[in-house]
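Sequence positions, counted from 1, serve as the residue numbers for this chain. All values reported here derive from a predicted model rather than from experimental measurement.
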Amino acid sequence: MHHIRTIAAAAFVAATAFAAASPAQAAPFHVIKYADTGYCQIWDNGFPTTPWPTHYTVMTHRQPTLERAVAVKDFLLRKHYCAL
């Protein structure tokens, strides 16, 4: 029984290391702003649907990474283009 747990733990560690080492295949991101609230959100274009509710404006060009999209959203918040 002890050997099965050891093998399972080793397999879990190996799978986690493999997933962390492989690059993420993410679609570009946009920052969108909802018209009625002014709330800004980062939208991943990899989703096959559109944001809901549908009354939004795309505030940015495509951002290549999530980190870049977060930085752009932070800039828009500091300049008061977006609400929280």
Over all heavy atoms of both residues, which pair between [X] and [Y] is shortest? Give the atoms and the distance, please.
{"X": "A83", "Y": "T37", "result": "CB-O, 4.0 Å"}
{"X": "C40", "Y": "K33", "result": "SG-CB, 3.8 Å"}
{"X": "P53", "Y": "Y34", "result": "O-CE2, 3.2 Å"}

- Message: Are F29 and N45 packed together at the side-chain level, in the sense that at least one heavy-atom pair is separated by less than 4.5 angstrom?
- Response: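 F29 does not reach N45 side chain to side chain.
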- Same apolar cluster: V70 and L77, side chain cutoff 4.5 Å: no
Interatomic spacing from [atom1] in [X] to [atom2] in [Y] - rounded to 0.5 Å:
{"X": "R68", "Y": "I42", "atom1": "CZ", "atom2": "CD1", "value": "11.5 Å"}
{"X": "L76", "Y": "T60", "atom1": "CG", "atom2": "OG1", "value": "7.5 Å"}
{"X": "M59", "Y": "H30", "atom1": "CE", "atom2": "NE2", "value": "12.0 Å"}

- Which residue pairs satisfy the ring-ring contact (aromatic ring centres under 6.0 Å, His included) criterion with at least one member in residues 35-63, sequence neighbours excluded?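 Of all non-adjacent pairs touching residues 35-63, those that pass ring-ring contact (aromatic ring centres under 6.0 Å, His included) are W43-F47.
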